Amino acid sequence: AYAALDARLAAAESAAESGAREVDELDAAIAELRGEVTAQTSRADDAAEQAQRLEGNLATAMDEAAAAKADAAGARKTAKETEVESLYFLGEMQVATGEAEKKIVALHKTVAARDMKLAQMSAEVKGLKGAVRQREEQLEASVADAKAKATAFDALRTSHSAEMEAATSAKG
């Protein structure tokens, strides 16, 4: 009976050591996941800041495009009014109008490129947020699993202590 109790004691101690190692490994994995969540959150924040800067740049570009359109409209009006006065002046205004239209085209291209970049950044932010949510869920599951294993280990330790006391009482 003593040998059987010693064997059970050795098995319980081995299980306890194994459980403790597993808890330590889970703690390390949880710490690593927390680091990854922090890094993902930082990247998401950086992407959101960049998206805000792009939105600001887009608004500036749209204002410049509106100003360029207004400039072009003003230049056209001035050219029409002065056409009778001077062909030379008309030619100058046509050149200015052409340059303004080129600016408008260039600004439209810039706005379109920034719109595409903004859409891409928005998609990246959405993807990063999803990854962060997934990591948080994994972290919560790991913490719950670690708690369950710790509870099982405590129950095993309590059971073992009770068996040892019973065995000691039976001997004495």
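Residues take their numbers from the sequence shown, with the count starting at 1. Note that the coordinates shown come from a computational prediction; the quantities given were computed from them, not determined experimentally. Below, all heavy atoms of this structure are taken into account, side chains as well, without hydrogens, waters or symmetry copies.
With sequence neighbours excluded, the residues satisfying side-chain hydrogen bond (donor to acceptor under 3.5 Å, both in side chains) with R8 are E163.
Separating the CD1 atom in I30 from the CG atom in D145 is a distance of 8.5 Å, to the nearest 0.5 Å. Between atom OG of residue S142 and atom NZ of residue K147 there is a gap of 12.0 Å, rounded to the nearest 0.5 Å. Here the CD-CD distance, from Q134 to Q40, works out to 9.5 Å after rounding to the nearest 0.5 Å. One distance of note links CZ of R53 with NZ of K117; it measures 10.5 Å at 0.5 Å rounding. Rounded to the nearest 0.5 Å, atoms CG (L58) and CG (L54) are 8.5 Å apart. The CZ atom of R34 sits 12.5 Å away from atom CD of E32, with the distance rounded to the nearest 0.5 Å.
Heavy atoms only, all atoms of each residue included: A44 and V125 are closest at O-CG2, 4.4 Å. Among all heavy-atom pairs drawn from N57 and R114, the shortest one is O-NH1, 3.0 Å. Here the closest non-hydrogen pair linking A68 and L107 is CB-CD1, 4.1 Å. Closest non-hydrogen pair, L118 versus A51, comes out as CD1-O, 3.7 Å. The minimum heavy-atom distance linking A72 with I104 is given by the pair CB-CD1, 4.0 Å.
Under a 3.5 Å cut-off, the side chain of S18 and the backbone N or O of S14 do not form any donor-acceptor pair. Checked by atom type and distance alone, the side chain of T110 pairs as donor or acceptor with a backbone atom of A106 at under 3.5 Å.
Screening residues 124-138 for salt bridge (Lys or Arg N to Asp or Glu O under 4.0 Å) gives E36-R135 as the qualifying pairs, with residues at least two apart or on separate chains. Among residue pairs with one or both ends in residues 96-113, those qualifying as salt bridge (Lys or Arg N to Asp or Glu O under 4.0 Å) are R76-E101; sequence neighbours excluded.
Grouping the Ile, Leu, Val, Met, Phe, Trp and Tyr side chains by contacts below 4.5 angstrom, directly or via other members, places L33 with V143.
The pair R157-D154 meets the salt-bridge criterion, with a side-chain N (NZ, NE, NH1 or NH2) lying under 4.0 Å from an Asp/Glu carboxylate O.
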